[in-house]
Asker: 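Quick one: the structure is below, questions incoming.
The chains referred to below are lettered A, B, ... by the order of the sequence lines, with proteins before strands, and numbering in each begins at 1.
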Amino acid sequence: MDKLIIIDGNSIANRAFYALPLLSNSSGLHTNAVYGFTTMLLKLIEEEKPTHFLVAFDAGKITFRHKEYTEYKGGRAKTPSELSEQFPLIKELLKAFKIPQFELTGYEADDIIGTLTKAADEKGEKVLLVSGDKDMLQLASEHVTVAITRKGISEVDLYNPAEIKEKYGLTPAQIIDLKGLMGDTSDNIPGIPGVGEKTALKMLHEFGTVEEVLANAASLKGKMKEKVEEHAQSAMMSKELATIFREVPMETEWDVFRYDGFDGQALSSMFRKLEFKSLLEKMDFGPSVVEEGQAVESLEAVVVTENNMEELIGKIGDNAAIHVEAIGENPHQAVMVGVVWFTFDGETNTSYFVPIALLKSEAGEPLRTWLSDDTKKKQLFDQHRAQLVLAWQGVQLRGVDFDALLAAYLLDPTESNLSLSGLTGKYGLPGVKTDEEVFGKGAKFRMPELEALSDHLGRKAMAIARIVPVLREELEKSEMHSLFYELELPLAGVLAEMELRGIALDAEGLKAFGVELASKLDAIMTRIYNLAGVEFNINSPKQLGEILFEKLGLPAWKKTKTGYSTDAEVLERLAPHHEVVGEILNYRSLAKLQSTYVEGLLKEVRPETGKVHTYYRQTIAATGRLSSQFPNLQNIPIRLEEGRKIRKVFVPSEPGWYMLAADYSQIELRVLAHISQDDNLKEAFLQNMDIHTKTAMDVFGVEESAVDANMRRQAKAVNFGIVYGISDYGLSQNLDITRRDAAQFIEQYFAVFQGVRKYMDEIVKDARRDGYVTTLLQRRRYLPEITASNFNLRSFAERTAMNTPIQGTAADIIKLAMVQMADRLKQDGLKSRMLLQVHDELVFEVPEEELETMRRVVPEVMAGALKLDVPLSADVDFGLTWYDAK
DNA sequence: GGTTTCACG
DNA sequence: ACGTACGTGAAACCC
């Protein structure tokens, strides 16, 4: 069976351009739209296996539509040059793919596509039409499936007439009427002002077409009636403009579009020119780096032996780039391979590789001493990981004065490829192979021969030596020098110490809790099967959806991309309809505790010590927060009592000691008060008021005594919204109120917290002007999408601009407190140990005799970590377990 | 490997 | 008009 794929070229190029960050190759050519286009083509070829293929483009500027309506597509921002310069590249790319392209003066791509799909319908040929434009839905038919890109370009929603009916309640032809009524700002099609999708759909469900809606205008009510009557002509014209012309005089001979595969050679050279490294590798087009006549930089990669160790370590000097290689994601369990250092004597690049066995042997002593000598300065890529790996081998690492990973993260915390090979590419330095290239991955993992290994690791150390001065200068330029040297670099060491110490778990207690859960789960499961009348896998959202919405016929109102949604929000609304739903909710919460917190945590306990050692990631979160892995100890349950009990198994590691926890009170709103300088908010904290009650008083305009629990709850939600970068929609969802009411709340809030409104406006403007926002300590986050024309992307960036300085400054502050606290414990010779950080909370284990001291010192250090214009405050408590330290 | 759900701040 | 609250990690399904 033949299958023709038609791509709406301009539409897909646009979507790709706005969906992807503005990539460019080393000669400054922008390539993001070409890249997106390419990945889409490859995916379609692989998944759809078309026998025929074509891409249609708009030709020129003036089409017949302009003759009828001169404003057509007026007011549309003109295509940015970064995109228009990519069209010739896309056309060249299509030649390499050997995919026919069509454009016709005076017609849009839509019309070409309309004509071809009509021909396909008549012939009964199968067509997949790919576009980013929902207008295309009007072309769907028995033979024509329309794929509309969703969120970026890698995913599409497929529509045939049945699905359009299901989603909109319309036939494909009525899509034209829909646009006639609601118009389309991006094409400057007016429609009827004030009529959006909701209203338009309602009218079409009742009357069917624009003509019928106009004919029945008299039966409409109030304002709507006026509007429809007043803009009747506009609606008719809009419908006409939205109608795709399907009679373009053109060749529709099928064989012209036959697709028989791409020209590998042309494609490979195209990818090289565009520097699509990942695609070159994926397509097996050979090495991604083109060596321009110049040989790979020479490196003398020496393997150190027990005989020459003494002599070679003498050459290392007081300063070197070093690298610690270990295999495995979790540094507490990774298998160490060895250490390598790099030197340059003015002539020769040399690296020295010390395999793990040698490092640990007697002969390894000089290197071990050098590594732990604070006066020997080291530059690394990922000190934190190296320190952990070495520590588990009994080797201390001291004297790190630069960390390339940490620096690259600060320079761009959203960079997704923070690998050494990724960064050398990004900063235009001689590249290194990726670990995947050298080691392979998954089942294909192989340790290379000693020589190749030593060369690869040596090149890593060389790359570190090369990239360090570049990153140092960049940090200076972006004023993150102090943030790096005074906060992040010392923190790396503090984190490593906390993690190595670990936290003790009462494994027996946890197992007992698991047994209890198992019997409860068993009972619930039986009840669910009885109530549902059938046994099924409750953990499978697919099976659960079928039971609830098909077998039991409960109302489904929310969908996921694969089927019915069965999340807690849905189930809570269904609970009154059927007894089984409450049981399922209960089952879900207990099953989560069992699998993630009982079984998951037990898997991470070291049997020798009874401890878990989390790994805090310092270079993941875009806001500057830490994250925690293997296990994640930042999401241990607390909100529900049943889950909170998990905290009872987190215990001190020494008899007679206590757990002590201290958390910041309202740190984000205090930070907001400081950076916005809002008088009212500042005053509230200076007076040490309950901030949610205060907000309720101001928003509802009542006395403190008149604030009831519900008002406080709503005010609390507003405060959360403010911190997240408020929108009326978000607040309405959270409070389950109408958008109008949510908007009213927000307006009320801003009326009394005018400084906050001013901050929100200014920070978005600043982000547009600078392209980034910063925290109090100059941590930076770039927001390229702040200028996007796509509403969703832009709005997201705007909320991020509001939220990141708040969340990020709070992260700065607790990090400061951690570094200061670690110093303080050492200075004062305290035995207490810092164990955990949970964003606004620090957890310690404390010997009894230090309890009084720590209860005083911890909140004092936390509150004093950074001086703001409002006081910071931390609450502290202690007990025999983490549960009791509340 | 992607998707869904849910735990935390 | 558009349609999401900000930041994470882990487990279970299912292809």
Asker: Is any side-chain nitrogen or oxygen of A/Arg625 closer than 4.0 Å to OP1 or OP2 of C/dT8?
Answerer: no

Asker: Nearest-Å distance, OH (A/Tyr616) to C1' (C/dG9)?
Answerer: 13 Å

Asker: Expressed as a whole number of angstroms, how long is the span from A/Asn803:CG to C/dC6:P?
Answerer: 8 Å

Asker: Hey, is A/Arg573 close enough to A/Glu569 for a salt bridge, meaning N to O under 4.0 Å?
Answerer: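 The answer is yes: the pair qualifies as a salt bridge.
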
Asker: I'd like to know if A/Arg617 reaches the base of C/dT8 with its side chain, counting only an N/O donor and acceptor under 3.5 Å.
Answerer: no

Asker: Distance criterion of 3.5 Å, no angle test: do you see the side chain of A/Asn539 paired donor-to-acceptor with the base of C/dA12?
Answerer: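 No, the side chain and the base share no sub-3.5 Å donor-acceptor pair.
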
Asker: Can you tell me the distance, in whole Å, between the CD atom of A/Glu569 and the C1' atom of B/dT4?
Answerer: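 The distance from CD of A/Glu569 to C1' of B/dT4 comes to 14 Å, rounded to the nearest Å.
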
Asker: Can a side chain N or O of A/Thr623 be found less than 4.0 Å away from OP1 or OP2 on C/dG7?
Answerer: no

Asker: Should A/Lys542 be listed as having a side-chain N or O under 4.0 Å from OP1 or OP2 of C/dA12?
Answerer: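 For A/Lys542, the contact criterion (side-chain N or O under 4.0 Å from OP1 or OP2 of C/dA12) is not met.
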
Asker: Taking the six-membered ring for Trp, is the centroid-to-centroid distance between A/Phe630 and A/His613 below 6.0 Å?
Answerer: no

Asker: At less than 4.0 Å, is any side-chain N or O atom of A/Lys592 found next to OP1 or OP2 of C/dA10? Yes or no.
Answerer: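 So the side chain of A/Lys592 is outside the cut-off, no N or O lying under 4.0 Å from OP1 or OP2 of C/dA10.
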
Asker: According to a strict under-4.0 Å criterion, is A/Ser627 in side-chain N/O contact with OP1 or OP2 of C/dG7?
Answerer: no

Asker: For A/Glu747, is there an ion pair with A/Arg757 - N to carboxylate O distance below 4.0 angstrom?
Answerer: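 Answer for the salt bridge query: yes.
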
Asker: Is any side-chain nitrogen or oxygen of A/Arg639 closer than 4.0 Å to OP1 or OP2 of B/dC6?
Answerer: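 Negative; the distance criterion is not met.
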
Asker: Touch check for A/Gly725, heavy atoms < 4.0 angstrom, all strands: base, sugar-phosphate only, or nothing?
Answerer: nothing

Asker: Of all the nucleotides listed (C/dG9, C/dA11, B/dT4), which has the minimum atom distance to the side chain of A/Thr560?
Answerer: B/dT4

Asker: Between C1' on C/dT8 and CD on A/Glu841, what's the gap in Å once rounded to a whole number?
Answerer: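 These atoms are roughly 16 Å apart.
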
Asker: With a 4.0 Å cutoff (strictly under), does any side-chain N or O of A/Thr566 reach OP1 or OP2 of B/dT5?
Answerer: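 Yes, such a contact exists.
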
Asker: Please confirm whether the shortest side-chain N or O distance from A/Ser795 to OP1 or OP2 of C/dG3 is below 4.0 Å.
Answerer: no

Asker: Would you mind reporting whether A/Ile636 and A/Trp882 have side-chain heavy atoms less than 4.5 Å apart?
Answerer: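 The answer is yes, as the side chains (C-beta and beyond) meet within the 4.5 Å cut-off.
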
Asker: Which part of the nucleic acid does A/Arg794 contact within heavy-atom distance under 4.0 Å: base, sugar-phosphate only, or nothing?
Answerer: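 Nothing: the residue A/Arg794, judged by heavy atoms under 4.0 Å, touches no strand.
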
Asker: Check the phosphate of C/dC2 against A/Asn790, side-chain N and O only, distance under 4.0 Å to OP1 or OP2. Yes or no?
Answerer: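 It does not, given that no N or O in the side chain of A/Asn790 lies less than 4.0 Å from OP1 or OP2 of C/dC2.
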
Asker: Distance criterion of 3.5 Å, no angle test: do you see the side chain of A/Gln807 paired donor-to-acceptor with the base of C/dC6?
Answerer: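 Answer is yes: a donor-acceptor pair is held.
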
Asker: Against the six-membered ring of A/Tyr772, is A/Arg780 placed for a cation-pi contact (under 6.0 Å from the centre, within 45° of the normal)?
Answerer: yes

Asker: Below 4.0 angstrom from OP1 or OP2 of B/dT5, is there any side-chain N or O of A/Arg588?
Answerer: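 No.
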
Asker: For B/dC8, what is the paired nucleotide under Watson-Crick or G-U wobble rules, both distances under 3.5 Å?
Answerer: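 WC or wobble partner is C/dG7.
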
Asker: If you measure from the ring centre of A/Tyr724 to the centre of the six-membered ring in the base of C/dC6, is it under 5.5 Å, with the planes under 30° apart?
Answerer: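 Yes, the aromatic ring of A/Tyr724 stacks with the base.
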
Asker: Hey, does the side chain of A/Arg739 come within less than 4.0 Å of C/dG3's phosphate (OP1/OP2), counting only N and O?
Answerer: no

Asker: With the six-membered base ring of C/dT4 as reference, does the ring of A/Tyr729 sit under 5.5 Å away with planes under 30° apart?
Answerer: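 It does: the two rings, one from A/Tyr729 and one from C/dT4, meet the stacking criterion.
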
Asker: Against A/Thr775, only a single residue in A/Thr809, A/Asp812, A/Thr623 fulfils side chain to side chain donor-acceptor pair (under 3.5 Å); can you say which?
Answerer: A/Asp812

Asker: Is A/Thr562 near enough to B/dT4 that one of its side-chain N or O atoms lies under 4.0 angstrom from OP1 or OP2?
Answerer: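 Yes, within the criterion.
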
